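What follows is a set of notes on a single structure, which appears directly below.
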Amino acid sequence: MMTRDLLALGPMLITAGGAVVLLLALAVCRSHAFASAWSVLVLAAALAAIPMTWPGAPASGDLLNLLAIDSWALAFWGIIFGSALVVCLLGFEYFRPLAVQAEEFYVLVLLSATGAAVLAAADHFATVFLGLELLSVSLFALAAYRRDQAISIEAGIKYLVLAGTSSALLLFGLALLYFHTASLRLSGLAGPLLAGHPDTIALYAGIALVLVAMGFKLGLAPMHVWTPDVYQGSPAPVSALVGSVSKAGAMAFMVRLAGVTLTGTPGVRNGVFYGLLVLAIASMFTGNLLALRQPNIKRLLAYSSIAHMGYCLLAVLPMAAGAALDRQAVFYYMLAHAVSILGAFGCVCAASENGREAQHVEDYRGLAWRRPVLAGVFSLMLLSLAGIPLTAGFLGKFYVLASGVRNALWLPAVCLVINSGIGLFYYLRVLGTLYQREEAESPDQFATSTAPSALLQPSPQLLLTHLTLAALVVLLIYFGLMPALASLPM
Amino acid sequence: MIPEALILVPLLTGLACLLAKASPRAVRTLAMQGTLATLALAVLLWLVHMKWLAIDPLTARSLLELNLPWIPALGVSLHLAPNGLSVLMVLLTALLGVLSVAVSWRGITQRVGFFHFNLLLILAGILGVFQAMDLFAFYFFWEVMLVPMYFLIDVWGHENRHYAAIKFFLFTQVSGLLMLLAILALYFLHGRSSGAYTFDVARLVDTPLPSPVAFGLLLGFFAAFAVKLPAVPLHTWLADAHTEAPTAGSVILAGLMLKTGAYGMLQFLWLLFPLAALDFAPAARVLGVVGILYGAMLSFAQFDLKRLVAYTSVSHMGFVLLGIFTPNELAWQGAVMQMLCHGLGTGGLFILVGYLSDRLHTRDMRAMGGLWASCPRMGGAAMFLAMAALGLPGMGSFVGEILILIGVFHVSPVLAIVASGGLVLATVYALWMMQQVFHGREKVRAADLRRTELGVLAVLIVLLIYLGVYPKNVFDTFNSTIKHSRTFNSLMQQSQIEDP
Amino acid sequence: MNIPAGHVMIVAAVLLATGLFGVIVRRNIVLVLMSLEIMLNAAALAFVAGGSARGADGQVMFLLILTLAAAEVSVGLALVLQLYRRFKTLDVSAAASMKG
């Protein structure tokens with residue numbers, strides 16, 4: 001291994017090493033503040049290392065049999081490490097009032113981020129599996145982290161069973177592909193696929209199983225059943241992690257997979273294309289329709305993220321052409337989604353008190369008049385999820401639609417439009433609840449409640465959460481106005 | 001210089017209203033100052049456009065145009081370049097902005113800062129729509145104004161506000177996305193044929209489009225504009241939104257938001273897809289006539305005063321639709337005139353209804369009657385506005401409607417005759433409303449208009465009369481657009497070839 | 001005796017199906033974990049079979065799978081303990097409160 005390789009691996013080595021050091025340090029002394037500060041520091045360092053590594057390692061060397069550290073992977077590492085950083089920041093004040101020991105939370109966050117990063121850069125079946133397992137195992141430990149609550153354990157168990165099943169299916173699919181192509185490398189698939197090996201049932205079954213497994217990870221319908229339960233049962237920062245880090249890693253891999261398979265023989269190409277098309281449209285409708293009457297805000301966000309992954313697949317479909325524009329669209333969409341979903345769960349964290357999460361939409365009734373700043377932030381996040389201009393979500397949707405229109409994918413594009421309409425119903429329902437006025441309120445009460453001096457000062461217990469949310473709002477608006485990151489070469 | 005100031009002034013004033021630690025009164029004053037400054041800028045814009053442009057085109061252009069690269073990778077620029085049509089609409093926006101702050105002075109007592117923030121944000125968005133010459137920026141502003149409007153209806157509206165707000169948002173958003181699809185398709189088609197990817201309208205004009213494609217794209221744009229206008233099958237959001245919105249919201253909805261639809265058709269449809277629009281025009285004209293008659297009949301069937309006024313909008317905007325899709329100068333001039341007069345007249349009626357329901361706490365006409373005795377000033381103002389609604393000669397709306405009808409007569413005499421039936425129906429509903437509310441047995445008494453309230457209505461009435469007797473200013477301003485419009489000239493030539 | 005790789009793949013597929021069936025129908029969480037383990041081992045077997053004619057790659061994957069499966073199951077067993085402490089049962093249907 002050469003220095004060059006080490007440098008390319010830098011960000012990932014930092015998080016992996018950071019996790020190990022933290023684990024050892026916790027054996028000596030347990031301190032919540034230290035664990036949280038350390039993990040923030042580690043993730044910030046990893047983020048800072050990404051530009052130094054840019055634009056990735058040259059396409060040769062031993063390392064690159066296992067990992068493809070190209071600009072695509074590095075860009076997604078940015079999303080992954082950034083999201084994990086936000087989760088650590090949100091976690092500090094979330095766990096502080098709780099009776100559970102919170103230190104290992106940070107270890108697990110670092111590990112899951114590392115796993116997602118491996119998955120995003122995976123080019124070898126071994127690393128695909130390694131990344132996926134690292135991610136899944138830390139996530140189901142995290143989902144069950146609030147041992148004081150039954151639903152948290154339930155979420156952990158459900159995620160364990162479903163993630164375990166999907167890993168096994170993925171592995172079996174990979175084994176079938178290996179059986180067919182005699183290559184363990186993802187990019188090695190392309191040659192045999194193109195060179196007209198006769199298509200076998202092993203090939204089709206292999207690709208189908210891998211797609212199903214990734215569908216599980218992304219929460220695509222009809223493999224979405226675990227999503228709402230895990231989002232609801234996990235502690236809010238973990239739900240944010242599932243929505244951002246895990247989805248980003250899986251989507252990065254999905255695009256690599258689609259890029260290889262969609263350039264294959266006509267049989268494979270059509271199979272994968274129509275398979276993804278069905279998944280995309282089914283996810284859009286399932287997610288949005290199930291969210292319509294959902295009274296639990298965390299489940300609602302889960303269903304919304306199912307639909308969002310469906311939208312994003314619209315830009316994965318034309319991956320055969322391999323145009324940079326489509327990859328950029330996927331990247332920007334995932335970036336925007338990560339910021340919005342982190343912000344939304346951040347608001348759930350901020351609205352929760354003393355370990356009781358504000359899960360019900362009703363908990364937010366009239367929030368705008370009690371905590372206007374928080375309600376404003378939450379509104380922005382919801383509007384971003386709905387794809388309204390001024391927010392990152394709009395540009396994400398714009399890029400995805402542009403990709404669809406450019407490749408004349410009218411059916412899914414029109415489905416996206418219809419579903420944006422359906423989605424508005426429930427985003428606006430929540431938004432309306434936030435701003436519901438209490439009828440009994442007298443005018444002078446109102447006069448005190450709008451005096452912003454009291455409201456602009458966040459309560460000292462949630463200072464860090466509020467600062468994090470403020471940073472997310474800045475990012476949300478910035479990404480909504482200046483999509484400079486969308487023009488990265490990919 | 002001026003265009004961006006027109007957007008920034010209301011935007012920044014709005015933010016200041018939201019964040020200021022000030023009394024409600026100070027917030028109102030601040031908002032009033034902001035809208036007045038916007039109005040001053042709008043007048044300046046008009047003066048520069050009319051006077052300076054001819055004398056010193058270079059300096060004037062630099063004042064009138066802004067072209068900043070925004071997303072260079074996609075060829076998106078923040079291109080604001082108001083032409084004659086835009087200038088007229090900007091003037092209307094700025095004026096109604098001032099008036100809507102004025103009418104909210106007493107009516108809005110809760111969350112004053114947030115209210116004015118939303119109000120001014122809508123104004124900024126609408127001013128952006130009226131000036132953008134880049135389709136991405138146009139769509140951006142088009143969507144950005146929906147959210148504050150949603151809040152305006154949902155927070156300060158009447159009983160059924162949640163339903164109305166969601167319906168409004170849904171209709172406009174989904175149709176807007178169809179327009180976005182069309183914009184994107186046009187963008188890629190242009191990029192592929194010319195190699196230059198851009199959203200700039202002036203350059204997209206040259207895109208060679210096979211006629212079925214052009215027709216499809218036209219429909220995408222038309223869907224968005226027709227919902228806002230509203231054209232008949234898509235009008236159902238309007239009555240709910242107008243009825244449930246607070247007075248200022250109704251004024252902005254009727255006076256300005258509906259105009260964005262008409263503006264889009266007149267500004268972009270003919271420019272981008274002249275031939276497809278020519279094919280589509282007969283169908284659109286029929287939609288317009290259906291709107292005129294159907295809107296008038298619905299409005300006659302209402303007991304809710306605000307709903308009645310809302311449905312008159314459908315009828316009046318039907319005239320606008322009819323005029324826009326009649327490709328001759330008379331009809332277009334008429335359509336622009338009708339847009340302005342509908343903004344002023346219907347805005348005035350909504351303000352009046354707002355004053356009335358503040359006093360009576362009901363909008364049901366069956367509970368009203370004989371109000372003239374107790375409030376003659378209000379009755380007088382209502383009489384003027386009703387006359388404007390029914391298109392009495394001497395009022396601007398008369399000029400607009402008659403020009404549209406003459407223009408349509410050249411193209412399709414039958415439609416013109418049917419459409420003029422709308423004038424009769426307008427007389428029926430306007431007089432019926434007057435009769436129900438102000439005449440007859442005295443059922444209720446109310447305090448008459450205060451001086452400031454009368455002042456607000458007087459501004460509108462004076463302008464309506466001014467436009468009715470001296471419409472030249474409007475014609476000249478819009479003419480400056482028509483005469484330079486390549487599309488229009490080529491259309492004129494075509495219709496002349498077909499004429500004999 | 002020379003067994004064709006295809007036959008081994010069929011055995012692996014049957015094992016996978018058995019495991020999947022177990023995951024779906026079993027209520028006892030320990031048996032569910034065991035079924036998961038069967039599925040992972042089916043995949044591992046498939047790798048060995050797939051690589052039988054082409055060097056050691058498949059067997060390396062087998063080792064990797066073995067290790068990671070152990071990690072997964074150990075965390076899974078920790079969850080089983082939690083489940084038992086909280087619900088005093090190993091029946092997964094006890095933990096099915098979330099719906100909607």
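Naming: A, B, ... by sequence-line order, numbering from 1 per chain. Source: prediction; values computed, not measured.
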Regarding A:Gln359 and A:Glu357, is there a side-chain donor-to-acceptor distance under 3.5 Å anywhere? yes

Interface moiety of A:Leu176 toward chain C, non-hydrogen atoms closer than 4.5 Å: both

Heavy-atom pairs under 4.5 Å with chain C are the metric here; pick the option from A:Ile157, A:Ile151, A:Leu170, A:Leu177 that has the most. A:Ile157

Partner chain C: residue of A:Lys158, A:Glu154, A:Arg293 with the largest heavy-atom pair count (under 4.5 Å): A:Glu154

Tell me, side chain or backbone of C:Leu16 under 4.5 Å from chain A's heavy atoms, or both, or neither? side chain

Residue C:Ile29 versus chain A: region with a heavy atom under 4.5 Å: side chain

Taking side chain as everything from C-beta outward and backbone as N, CA, C, O, which of these in C:Val48 sits under 4.5 Å from a heavy atom of chain A? Side chain, backbone, both or neither. neither

Determine whether the side chains of A:Lys298 and A:Ser234 contain a donor N or O and an acceptor N or O closer than 3.5 Å. no

Nearest heavy-atom approach of A:Ile422 to A:Leu292 is O-CD2, 3.8 Å

Under 4.5 Å from any heavy atom of chain C - which part of A:Leu130: both

Where does A:Leu184 contact chain C at under 4.5 Å (heavy atoms): side chain, backbone, both or neither? side chain

Contact part of A:Ala155 toward chain C, heavy-atom cut-off under 4.5 Å: side chain, backbone, both or neither? both

Tell me whether the rings of A:Phe105 and A:Phe95 are parallel (<30°), tilted (30 to 60°) or perpendicular (>60°). tilted

Hey, are C:Ser93 and C:Asp91 close enough side-chain-wise for a donor-acceptor pair under 3.5 Å? yes

If you tally heavy-atom pairs under 4.5 Å between each of C:Ala94, C:Ala13, C:Gly19, C:Ala69 and chain A, the highest tally belongs to C:Ala13

Under a 4.5 Å heavy-atom cut-off, does chain C meet the side chain of A:Gln232, its backbone, both or neither? both

Could you check, using the six-membered ring where one of them is a Trp, whether C:Phe47 and A:Phe179 have ring centers closer than 6.0 angstrom? no

Considering only heavy atoms and a distance below 4.5 Å, find which of C:Leu68, C:Thr67, C:Leu20 pairs most often with chain A. C:Leu68

Going by the angle between their ring planes, with limits at 30° and 60°, are A:Tyr159 and A:Trp226 parallel, tilted or perpendicular? tilted

Can you find a side-chain donor-acceptor pair between A:Tyr178 and C:Asp57 that sits under 3.5 Å? no

Side chain / backbone / both / neither for A:Leu174 at chain C, heavy atoms under 4.5 Å: both

Other residues, nucleotides and ligands only: do more than 12 of their heavy atoms fall within 6.0 Å of CZ on A:Phe425? no

Name the region of C:Ile65, side chain, backbone, both or neither, that has any atom closer than 4.5 Å to a heavy atom of chain A. both

Atom CZ of A:Arg147 with >12 non-hydrogen neighbours under 6.0 angstrom: no

Okay, C:Ala12 and chain A: the region with an atom under 4.5 Å from a heavy atom over there is both

As an exercise: rank C:Gly58, C:Ala49, C:Ala78 by heavy-atom pairs under 4.5 Å with chain A and give me the winner. C:Gly58

